[in-house]
J.: 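Below you'll find the structure I mean.
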Amino acid sequence: MNEFNQENETLDEATETAVEAEPTVEEAVAEAPAPEEKPKKKKRKNEQSVEEELRELAYMEAADLDYLPKPITKVRRNGHPFLGSFCFFLVLFIIVFFVTAHYVFGSGWIKNMIDGTGNFQTFTIPTVQHEELEEKYYQEDGRYTVEGVAKTCLPSIVTIESYTGSSIFASYSQGSGIIMTSDGYIITNAHVIEDADLTIVVRLYDGTEYNATVVGSDTRTDLAIIKINATDLTPAQFGDSDQLELGEQVVTLGSPAGLESTVTTGIVSGLNRMINVESDNISMECIQIDAAINPGNSGGALINMWGQVVGITSSKLESVAYDNIGFAISINAAIPILEELIENGAILGRPKVGISFYSISETMSSVYGLPAGLYIASIDETCDISNTDLQIDDVITTMNGVAVDSAEDVYAIIFQLDPGDEVTATVLRMDDAGNWDEFEITFKLEADETSAIQAVDESESE
């Protein structure tokens with residue numbers, strides 16, 4: 001029993017010693033060592049480093065063994081080299097194609113293709129520079145003298161002779177032309193080459209002759225483009241006719257009466273003159289000059305003292321009743337027509353009625369006792385107006401409610417419309433008793449590829 005008590009005392013002492021040695025929770029937390037930061041990731045990283053080192057050592061030892069795989073040093077994407085090359089050359093081809101097409105067909109070829117005109121080509125008159133001349137050919141302000149204009153610009157002026165089957169040994173028409181491009185496009189008047197069913201001969205400043213073909217001609221504005229098979233020609237430089245001033249000195253170059261390379265000079269006598277080449281033609285903005293204009297000057301150049309073409313002279317525009325009054329179609333009015341003639345060969349989209357007539361003004365009406373209007377001389381059977389009740393000797397007095405007695409009146413109406421649009425006209429017809437019966441007709445306008453309407457000169461009808 002003493003032994004049992006002794007053992008119990010020994011156990012109690014041990015328990016007290018253990019209790020005294022056991023720290024509290026706060027002390028345990030305070031005395032606990034800080035945990036290691038991310039031991040797992042560090043371990044994994046160390047394992048990867050060891051693994052990579054072992055792999056590199058294995059590759060180095062096996063580098064000389066051909067039958068073992070080589071180490072992969074760079075990851076390559078799965079690609080298609082042929083497809084990449086194809087795409088590159090396709091893009092390059094498209095770029096080259098569009099750049100080439102722009103220079104060959106012009107900037108508007110895509111629009112023309114979409115519009116369905118069938119002609120991809122557009123044209124813009126090029127800009128050229130004159131060669132430098134000796135100092136004696138310049139004025140103090142940098143402009144040319146008349147001699148300088150002649151020396152610089154005459155190589156750009158040509159003589160044109162037109163032949164028909166009935167005039168084999170002599171030209172029936174002779175005029176002038178302006179070289180527009182170095183590859184042979186030439187500006188002239190439509191009446192110079194009109195009815196040239198045999199040949200058109202172009203003679204250059206140096207005397208070289210070429211046969212020409214007609215690119216486009218518009219009798220309504222009396223403008224035309226012809227072309228010769230030549231290169232390295234001297235094209236004219238074109239200016240801005242809107243910059244001309246009254247009294248400004250100008251020079252005309254052409255071949256009046258067949259006298260080639262003729263130079264005349266004068267001043268600008270008037271600006272913005274709306275003139276008709278013929279009674280049935282469209283009024284064109286013209287420049288009035290006092291320089292001599294004679295038959296043969298038609299199609300020649302009106303040039304300012306900077307050596308720039310500012311007008312196209314025409315003997316058809318000269319005044320036969322007065323001296324020293326001549327006219328030239330302003331180049332600003334001519335350029336859009338010339339460019340369209342090169343693109344399409346004609347002025348497209350212009351409407352026509354399909355009649356020829358005598359113009360009866362209010363004055364003539366009072367003299368002859370006829371109603372003012374359009375006295376019908378002929379009707380084009382290919383036009384819709386031939387399907388109406390209109391007859392020869394009838395008089396059209398109004399179109400769409402507007403009084404008409406001249407070609408200008410008709411143009412003012414129909415040029416606001418398109419081919420295929422309908423027009424209503426008031427018509428007068430004399431009955432057997434001498435009375436005028438009034439009725440209306442409705443017809444569709446036709447597309448004009450030659451002329452819109454044609455007025456008849458009374459002198460030609462006799």
Side-chain angles (χ1 to χ4, degrees), residues 190-191 194 218-222 273-285 316-317 346-462:
H191 74 265
E194 193 173 16
D218 182 43
T219 58
R220 299 302 103 201
T221 57
D222 197 30
R273 307 295 198 199
M274 301 305 295
I275 306 294
N276 296 68
V277 179
E278 299 287 356
S279 61
D280 63 329
N281 279 24
I282 300 171
S283 293
M284 292 292 291
E285 181 183 307
K316 287 275 188 176
L317 297 173
I347 306 302
L348 302 180
R350 181 186 292 163
K352 70 175 180 178
V353 175
I355 59 174
S356 61
F357 61 88
Y358 300 102
S359 179
I360 303 176
S361 65
E362 293 289 345
T363 302
M364 293 178 62
S365 173
S366 62
V367 172
Y368 295 103
L370 297 172
L374 313 176
Y375 190 93
I376 305 302
S378 66
I379 302 172
D380 188 345
E381 294 182 356
T382 65
C383 295
D384 187 58
I385 196 170
S386 66
N387 299 322
T388 68
D389 293 332
L390 186 69
Q391 297 178 5
I392 294 175
D393 296 331
D394 288 345
V395 179
I396 295 178
T397 58
T398 69
M399 286 187 178
N400 286 348
V402 180
V404 292
D405 62 14
S406 67
E408 284 301 304
D409 292 339
V410 178
Y411 286 136
I413 296 170
I414 67 174
F415 283 175
Q416 303 298 319
L417 305 173
D418 297 318
D421 289 347
E422 288 190 344
V423 174
T424 299
T426 303
V427 183
L428 295 178
R429 179 180 297 166
M430 182 180 289
D431 60 18
D432 295 337
N435 299 317
W436 291 95
D437 296 328
E438 182 178 292
F439 60 95
E440 287 189 350
I441 61 172
T442 300
F443 57 91
K444 292 181 179 180
L445 297 175
E446 305 289 337
D448 176 28
E449 297 180 357
T450 53
S451 61
I453 52 177
Q454 182 177 357
V456 179
D457 188 349
E458 289 188 41
S459 63
E460 294 178 357
S461 63
E462 298 177 352

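Not measured: the values here are computed from a predicted model.
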J.: Short question: side chain of Asp222, backbone of His191 - any donor-acceptor pair under 3.5 Å?
T.: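 Side chain of Asp222 to backbone of His191, a donor-acceptor pair under 3.5 Å: yes, one is there.
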J.: With distance as the sole test, does Thr397 use its side chain to make a donor-acceptor pair with the main-chain N or O of Val427 at under 3.5 Å?
T.: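 Looks like no, no N/O pair under 3.5 Å.
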J.: Can you pull the side-chain hydrogen bond (donor to acceptor under 3.5 Å, both in side chains) pairs that have at least one residue in residues 425-437, sequence neighbours excluded?
T.: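 Those involving residues 425-437 are Asp394-Arg429, Thr398-Thr426.
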J.: Given 3.5 Å as the limit, does a donor-acceptor pair link the side chain of Ser356 with the main chain of Ser378, or not?
T.: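 Judged by distance alone, yes, a pair lies under 3.5 Å.
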J.: Working note: Met399 + Val410, criterion side-chain contact (heavy atoms from CB on, under 4.5 Å); need CA distance, chi angles, decisive distance, verdict.
T.: CA-CA 8 Å; Met399 286 187 178; Val410 178; 4.1 Å; yes
J.: Taking all non-hydrogen atoms of both residues, which atom of Leu445 and which atom of Pro351 are closest, and how far apart?
T.: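 It is CD1-CB, 3.8 Å.
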J.: Are Leu370 and Val395 side-chain neighbours, meaning at least one heavy-atom pair lies under 4.5 Å?
T.: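 Side-chain contact under 4.5 Å: no.
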J.: When you compare the side chain of Val353 with that of Phe443, does any pair of heavy atoms fall below 4.5 Å?
T.: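 The answer is yes; the side chains approach within 4.5 Å.
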J.: According to salt bridge (Lys or Arg N to Asp or Glu O under 4.0 Å), does anything in residues 365-382 pair up with another residue at least two apart or in another chain? List the pairs.
T.: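 Qualifying pairs, neighbours excluded: Lys352-Asp380.
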J.: Is the shortest heavy-atom distance from the side chain of Gln391 to the side chain of Ile376 under 4.5 Å?
T.: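 With C-beta onward as the side chain, the pair stays apart.
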J.: Does Ser386 have any side chain to side chain contact (heavy atoms under 4.5 Å, CB included) partners at least two apart in sequence or in another chain, and if so, which?
T.: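 If we apply the side chain to side chain contact (heavy atoms under 4.5 Å, CB included) test to Ser386, skipping adjacent residues, the hits are Ile379.
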J.: Of all heavy-atom pairs between Glu362 and Ala372, which one has the smallest distance, and what is that distance?
T.: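 Residues Glu362 and Ala372, closest heavy atoms: OE2-CB, 3.7 Å.
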J.: Check whether Asp409 reaches the backbone of Asp405 with its side chain - one donor and one acceptor, N or O, closer than 3.5 Å.
T.: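 Pair found, side chain donor or acceptor close to backbone of Asp405.
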J.: Only one of Ile413, Asp421, Ile414 forms a side-chain contact (heavy atoms from CB on, under 4.5 Å) with Asn400, so which one is it?
T.: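 Of the listed options, the one satisfying the test is Ile413.
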J.: Do Arg273 and Glu285 make a side-chain contact, defined as non-hydrogen atoms from C-beta onward lying under 4.5 Å apart?
T.: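 Arg273 does not reach Glu285 side chain to side chain.
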J.: Excluding sequence neighbours, so at least two apart, what forms side chain to side chain donor-acceptor pair (under 3.5 Å) with Thr442?
T.: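 Side chain to side chain donor-acceptor pair (under 3.5 Å) list for Thr442, sorted by chain: Thr424.
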J.: Considering residues at least two apart in sequence or located in another chain, which fulfil the side chain to side chain contact (heavy atoms under 4.5 Å, CB included) criterion with Asn387?
T.: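 Residues passing side chain to side chain contact (heavy atoms under 4.5 Å, CB included) with Asn387: Asp384.
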J.: Under the side chain to side chain donor-acceptor pair (under 3.5 Å) test, which residues partner Ser361, sequence neighbours left out?
T.: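 Ser361 satisfies side chain to side chain donor-acceptor pair (under 3.5 Å) with no residue once adjacent residues are dropped.
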J.: Would you say Glu446 and Cys383 make side-chain contact, with heavy atoms under 4.5 Å?
T.: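 Glu446 reaches Cys383 side chain to side chain.
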J.: Is there a side-chain contact (heavy atoms from CB on, under 4.5 Å) between Ile355 and Ile396? Walk through the geometry before answering.
T.: CA-CA 11 Å; Ile355 59 174; Ile396 295 178; 4.2 Å; yes
J.: Hey, are the side chains of Phe439 and Asp389 touching, using non-hydrogen atoms and a 4.5 Å cut-off?
T.: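 Answer yes - side chains close enough.
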J.: Check Ser359 against Ser406 and note the closest heavy-atom contact, atom names and distance.
T.: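 That closest heavy-atom pairing would be OG-CA, 3.7 Å.
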J.: Do Met364 and Tyr358 make a side-chain contact, defined as non-hydrogen atoms from C-beta onward lying under 4.5 Å apart?
T.: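 They are not in side-chain contact.
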J.: For the residue pair Ile360 and Leu374, establish whether any side-chain heavy-atom pair is separated by less than 4.5 Å.
T.: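 In short, these two side chains do not touch, never coming nearer than 4.5 Å.
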